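Values reported hereafter were calculated over all heavy atoms of this structure, with side chains retained and with hydrogens, waters and symmetry mates removed. Chain naming here is simple, since letters A, B, ... match the order of the sequence lines and numbering starts at 1 in each. Remember, predicted model here, so these are calculated numbers, not experimental data.
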Amino acid sequence: MAAHAHTHSPASPSERLLEPVWAQVMDITNEAEGISTYWLKFTDPAVEAAYTFEPGQFNMVYLPGYGEAAISISSNPADPTLVGHTIRFVGNVTRAISRLKVGDVVGVRGPFGSYWPMKEMEGHDVIIACGGIGLPPLRPAIYHIMNNREKFGKVYLLYGARTPKDLLYPTEFEEWERAGIQVQVTVDRADEDWQGQVGVVPMLFYRFRMDAPNSVVLTCGPEIMIRFVVYEGLARRVPAEQIYVSLERNMKCGQGSCGHCQLGPYFICKDGPVFRFDALQPYFNVEEF
Amino acid sequence: MPSDRSPEIGSTVSIQKHIFNALLEKLKTQGYEVVGPHVENETLVYAPIQKLEDLPRGYVTEQEAGSFRLVYTGHTRYFDVIPGAQSWKQFLFPSHANLFNLKKVNGAWEMETPKPTAPAYAFIGVRGCELAAIQIQDNAFLRSDFTDPIYRVAREKAFILAVNCMHPAGTCFCASMGTGPRVEGDADLTLTELEDVFLLNVGSELGRNILAGLPYESASAFVLNAANRGLERATLQMGRSMDTSDLPDLILNNLDHPHWRAIGERCLSCANCTQVCPTCFCWDATDTLSLDGNQTRRERVWDSCFNPGYSYQAGGNTRPTIHSRYRQWMSHKLGTWKVQYGTFGCTGCGRCITWCPAAIDITVEVADLRKEIR
């Protein structure tokens, strides 16, 4: 498996700096409090026809007058005509997005970045460990596995949220289970109706026996969760080369040019967001780096 | 003297100083916007120049950590003055650039994208450290997978007249970084100033064409020797030095060292160092919306890793402390830059030292870090 650069290499250098293409909001799905999925369709049929993405990639979503935000793609890569972005309304741009209605138009640039190593994962067991808003960038990987289920070994989804009400896509869990994905869910704080587990995501590693040398771990979520997921993986002898981490940083360009998203030698927008853990290891535990 | 005579690429010729005006005239006739060092409002800037007399003849700069003085000594040399806060970056990578404008027409956004344009600049007096800085920015902006159109348009057309540095300033350490005082990069012409002549080394066909027809003489062994001795003297007079033998490892292996916090207590996070740095390339994009909300202008502006907003995102600020921002800056310049682009992001020009209001000196900080680790 390549160290980190699962990226498209275009034939000639791109020269589009920040000009977006336009996409219309076709539908809005409320997922949880303060989080919705926006289903976008490119207004130019030629753009729509040419658009594909890999699980784990992101788009820069632009609202004129407000600016851009890097948003991972959360929909099925087999159907790129309707591109889903699950967005938490937390910053200037995303709060403005929360006021959009079906039929409104946004700017889009992308897709950008490296992606989950779906090809290299074939024949392996897969452990997808994520927390909160870390699930959306992994949902395309889940769909890809469902579309190609026979190519993968055992598949586990370990997912956690603050409270049961914060769980994303709960209505899909059953379908994922039926497709042979073992879904383990936990919450930090239960409510009166919650029958499931309480605790943090890394604890879910104690709930099944894994074939570590043959497993690939994919993880995304709060940095502290990622840290302990990686620790649980390594502690069970999953090689660092088989642990993949998706990171986020402030981004302005998506092309490794504006400088904002640097982590050590990497531009997270182009060398990431998906990294093989051994590439991150020297910088991962450096505070505020 | 036949007027179509022109020197060979690689050769060095000498001209009388007043002939330089004919060279400038020729550049202007060929459509160049000629830019060079110039004293304006009692300081040294890079600005349009018309003639030799616009250059800062008789001036020197006295530079120390947190201190810059432009002093008139009355000497007779035109290219002796070490640059001030400005660098050629402001022409190739302007601090503000319009990316596109949007206008709402019948509820839909119409985009107007100005084609990137730039004058054909002729840069007069690019020092070795500054030419190295341009080539470092080339690596950042002109990649095989992404080319910055604004930078490319200006860079492709620029004529570069470089200058060998005979009298470095107190904050200079280009000799340590291998970028000067002798010009090492690709220039169209490289000038060395002696007391009564300019030596011009021809670096390109363009440089050759500019000299064609001007009254020049082949440089004699005597003047070439004088130039070499001057450059050797300049290397010895360099105000500062930096040991790069253990870089980038010294920095990358000690990212948790307490010395970063010690620097953070002195650093004001004012971003001066990044604004004067000729290699710093970080930028931000801003929207300026009209009051009625129907028009917006999208611009690219310089940003800095010292600005609190630089690393701010929904989950919080990646680098909330000043020491973490200073560490990002210095570990990029002298560490990770090398991994990304194969060179250091520092040319030893000394601007960050001169223009730091807290007099933080990158050469001292590297040496102190090394001392504390040993």
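- Nearest heavy-atom pair across B:D284 and A:K252 is OD1-CE, 2.9 Å.
- Put simply, of A:P20, A:A70, A:G91, the one with the most heavy-atom pairs under 4.5 Å next to chain B is A:P20.
- Of the atoms belonging to B:T321, heavy atoms from both backbone and side chain fall under 4.5 Å from chain A.
- Of the residues considered (B:K338, B:R297, B:M111, B:R325), B:M111 shows the highest number of contacts with chain A, using heavy-atom pairs under 4.5 Å.
- With contacts defined as side-chain heavy-atom distances shorter than 4.5 Å, the pair A:F289/B:S331 qualifies.
- Enclosure of atom CG in A:D27 by more than 12 non-hydrogen atoms of other residues, nucleotides or ligands within 6.0 angstrom is indicated.
- Remark: B:R266 CZ is packed, more than 12 non-hydrogen atoms of other residues, nucleotides or ligands lying under 6.0 Å away.
- The two residues A:G264 and B:T336 make their nearest non-hydrogen contact at C-CG2, 3.4 Å.
- Aromatic ring orientation, B:F100 versus A:Y62: perpendicular (interplanar angle above 60°, classes split at 30° and 60°).
- Counting heavy atoms from C-beta outward, B:R143 and A:K270 have side chains that approach closer than 4.5 Å.
- Using a 4.5 Å cut-off between heavy atoms, B:N253 makes no contact with chain A at all.
- Taking A:G67, A:G256, A:C261, A:C258 one by one and counting their heavy-atom pairs under 4.5 Å with chain B, the maximum is reached by A:C258.
- For B:T318, the parts lying near chain A are the backbone and the side chain together; criterion is any non-hydrogen pair under 4.5 Å.
- Shortest non-hydrogen contact noted between B:D287 and A:G65 is OD2-N, 2.6 Å.
- Only the side chain of B:L99 comes within less than 4.5 Å of a heavy atom of chain A; its backbone N, CA, C and O stay farther away.
- Atom CD of A:Q24 has more than 12 neighbouring heavy atoms from other residues, nucleotides or ligands inside a 6.0 Å radius.
- Here CD of B:Q313 is found 4.0 Å from CD of A:E248. Values are rounded to the nearest 0.5 Å.
- In this structure, B:F146 and A:C253 have side chains that are not in contact, with every pair of non-hydrogen atoms separated by 4.5 Å or more.
- Residues B:R319 and A:E287 are not paired through a salt bridge, judged by the lack of any N-O separation under 4.0 Å between the basic side chain and the carboxylate.
- Other residues, nucleotides and ligands contribute only 12 or fewer heavy atoms inside 6.0 Å of the CZ atom of B:R261.
- Using modelled atom types, no side-chain atom of B:D148 and backbone atom of A:L17 make a donor-acceptor pair closer than 3.5 Å.
- At most 12 heavy atoms of other shown residues, nucleotides or ligands fall within 6.0 angstrom of atom CZ in A:R88.
- For B:E265, the CD atom is loosely surrounded, since the number of other residues' heavy atoms within 6.0 Å does not exceed 12.
- When atom types are taken as modelled, the side chain of B:R327 and the backbone of A:E288 share a donor-acceptor pair closer than 3.5 angstrom.
- Looking only at distances, no side-chain donor or acceptor of A:Y266 sits under 3.5 Å from a matching main-chain atom of B:Q340.
- Proximity to chain B (any heavy atom under 4.5 Å) is shown, for A:E223, by neither the backbone nor the side chain.
- Only the side chain of B:I150 comes within contact range of chain A, with heavy atoms under 4.5 Å apart.
- Counting non-hydrogen atoms of other residues, nucleotides and ligands closer than 6.0 Å to CZ of A:F228 gives a total of 12 or fewer.
- Taking the side chain as every heavy atom from C-beta outward, B:F281 and A:S257 never approach each other to under 4.5 Å.
- Contact between B:T296 and A:P64 at its shortest, heavy atoms only, is CG2-CB, 4.0 Å.
- Contact annotation for A:Y283: only side-chain heavy atoms (C-beta onward) come within less than 4.5 Å of a heavy atom of chain B.
- Residues A:H260 and B:Y310 come closest through the heavy atom pair CD2-O, 3.0 Å.
- A donor-acceptor pair under 3.5 Å is formed between the side chain of A:N250 and the backbone N or O of B:Y312.
- Nearest heavy-atom pair, A:G259 versus B:C282, reported as atom, atom and distance to 0.1 Å: CA-SG, 3.6 Å.
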